[in-house]
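To keep things clear, I will list the structure first and then write my remarks on it.
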Amino acid sequence: MNLLAVETSCDETAFALCDLDRYRSGSRDWLIQELVASQAELHDPYGGVVPELAAREHLKSLPLLFQQLDPVSIDAIAVTRGPGLKGSLLVGISFARALAFSRGLPLIDVNHIEAHLLSGELSAPLSYPYLSMVVSGGHTFLAHVEGFRRYSVLADTLDDAAGEAFDKSASLLDLPYPGGPALSALAIGGDPLRFKLPVPREEGKFSFSGLKTAILRLIQLQRRESPGELSDAVRRDIAASVQHSIVRQLIERVLDGCRKHPVSNLVLSGGVAANSYLQATLAQELSAVGVKLIVPERKWCTDNAAMIGLVGMKLLLNGGEFSAERSNCDALPRWPIRDLPRG
Ligand code: KG4
Ligand code: ZN
């Protein structure tokens, strides 16, 4: 039996073909094929994802990608139902639903955040419990994963996501979008402790909205002290200090989590997981408390369909009613994992 996973929650159109029998038998070799069409170039000129354009592009990409799938039988379909951009979600869901309906296949709706949380399982054999942190452009989220559908949220963001904080800070330094990689490149060789930027300490919460104001003030102050363009050295030190302040907050929350929940592994995923300063500092601090850092391959850190397939297979194997006729597969732009039924 094979399952086709469909992901269109933001700006990647992705399919994954998964061998359910192999997965059921415990084999790690269950991923038959992955296809992804990135829209990055389409949105770059706008400095962020344009929802209307994203939805239209999914509509174009889905049939094109579908034609490139290996000619294997498809016996079930899993699709991202949310959270994400409403229009983008609707396009993927409509596609998946039409396919499931026309072929009489089960349609499994998957929560995108849950898929990120479990994405560590794509690259390493992992046993529960573990901690999982998702840091992307849209989410910053730390959870204790005790098993499938047994999650406790340890920290969540009420304002900006960590990736957004990187992007906004980068734009204040006139760096191109997406700002994360540009800012971390600029930070190389900079002094992360030269400028003191806020690191909110409240347990259970991530907050990055104060950072932008602090950076603006810092840049104004620097300009007052030495009028004209900021020197390269100052820009480098600002970038390093910004990166340090974002990373510090992420690490503090992870360490809070490790104190409360003894685990052997922490999974780090999301686009920001690519940040080498974050990876290096986090690995070091975690090893001091006996925890191993697991970062899935880059293609599985960012939005992908393999993680949707993984959750789809778990749900299917758990039993449950998944007929394509079910009416409750509408898009859920907001869908906190707290709302998932507990296993
Ligand atoms: O998961 P992702 O690819 O997609 C969305 O959430 O949409 O994450 C993208 C985010 C962007 O905010 C980008 O600036 C950030 O991940 N990012 C980074 C790095 N690479 C990507 N942030 C910091 N350092 C990086 N090396
Ligand atoms: Zn995502």
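We count ligands from 1, going down the list as the structure has it; atoms in each ligand are counted the same way.
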Specify the protein heavy atom at minimum distance from [atom]: its residue, its atom name, and the distance to 0.1 Å.
{"atom": "atom 15 (C) of ligand 1", "result": "V272 CG2, 3.8 Å"}
{"atom": "atom 24 (N) of ligand 1", "result": "N275 ND2, 2.9 Å"}
{"atom": "atom 18 (C) of ligand 1", "result": "G180 CA, 3.6 Å"}
{"atom": "atom 1 (O) of ligand 1", "result": "G271 N, 2.9 Å"}
{"atom": "atom 11 (C) of ligand 1", "result": "D167 OD2, 3.6 Å"}
{"atom": "atom 3 (O) of ligand 1", "result": "T302 CG2, 3.3 Å"}
{"atom": "atom 7 (O) of ligand 1", "result": "C10 SG, 4.1 Å"}

Query raised in the report: Side chains of H112 and D303: do they bring a donor and an acceptor to under 3.5 Å?
Result: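 Yes, side-chain donor-acceptor contact under 3.5 Å.
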**Report entry** Q243 and N275 side chains, donor-acceptor separation under 3.5 Å
**Finding:**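 Yes, side-chain donor-acceptor contact under 3.5 Å.
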Query - Flag if over 12 foreign heavy atoms under 6.0 Å of CZ, R248 - result: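 Atom CZ in R248 is packed in, count exceeds 12.
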Is the shortest distance from a Lys or Arg side-chain nitrogen in [X] or [Y] to a carboxylate oxygen in the other one below 4.0 Å?
{"X": "D160", "Y": "K168", "result": "yes"}
{"X": "E114", "Y": "K314", "result": "no"}
{"X": "D191", "Y": "R236", "result": "no"}

Query raised in the report: Is ligand 1 under 4.0 Å from a heavy atom in the side chain of S184, in the backbone, in both, or in neither?
Result: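 Side chain only.
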For ligand 1, find out whether one of its N or O atoms is nearer than 3.5 Å to an N or O atom of [X].
{"X": "G163", "result": "yes"}
{"X": "G137", "result": "yes"}
{"X": "C301", "result": "no"}
{"X": "D303", "result": "no"}

Requested in this report: May I ask you to list the atoms of ligand 1 that are less than 4.0 angstrom from any heavy atom of G138?
Outcome: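 By the 4.0 Å cutoff, the relevant atoms are 6 (O).
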Query - Proximal ligand 1 atoms for F166, defined as those under 4.0 Å from one of its heavy atoms - result: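 Answer for ligand 1: 22 (N), 23 (C).
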Query - Within residues 258-271 or reaching into it, pairs that qualify as side-chain hydrogen bond (donor to acceptor under 3.5 Å, both in side chains) - sequence neighbours excluded - result: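 side-chain hydrogen bond (donor to acceptor under 3.5 Å, both in side chains) check on residues 258-271 returns H144-H261, E203-K260, D256-R259.
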Query raised in the report: Under 2.8 Å from the Zn ion (ligand 2), is there an N/O/S atom belonging to H139?
Result: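 No - counting backbone and side chain alike, H139 has no N, O or S atom under 2.8 Å.
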Query raised in the report: So, H116 and the Zn ion (ligand 2): N/O/S under 2.8 Å, yes or no?
Result: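 Looking at H116, which is the residue asked about, there is an N, O or S atom under 2.8 Å from the Zn ion (ligand 2).
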Report task. Kindly determine whether D19 and R22 satisfy salt bridge (charged side-chain N to carboxylate O under 4.0 Å, His left out), including the steps that lead there. Result -> CA-CA 6 Å; D19 186 324; R22 281 201 198 155; 3.7 Å; yes
Report task. Assess the pair F95 and F66: is the distance between their ring centroids shorter than 6.0 Å? Result ->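 Yes; F66 has its ring centre under 6.0 Å from that of F95.
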Query raised in the report: Nearest to the Zn ion (ligand 2), which N, O or S atom of D303 do we find?
Result: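 It is OD1 of D303.
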Query raised in the report: What do the steps show when you test E285 against S287 for side chain to side chain donor-acceptor pair (under 3.5 Å), and what is the final call?
Result: CA-CA 6 Å; E285 303 227 7; S287 84; over 6 Å; no
Query raised in the report: Is the shortest heavy-atom distance from the side chain of T13 to the side chain of E57 under 4.5 Å?
Result: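 Not touching, per the 4.5 Å side-chain cut-off.
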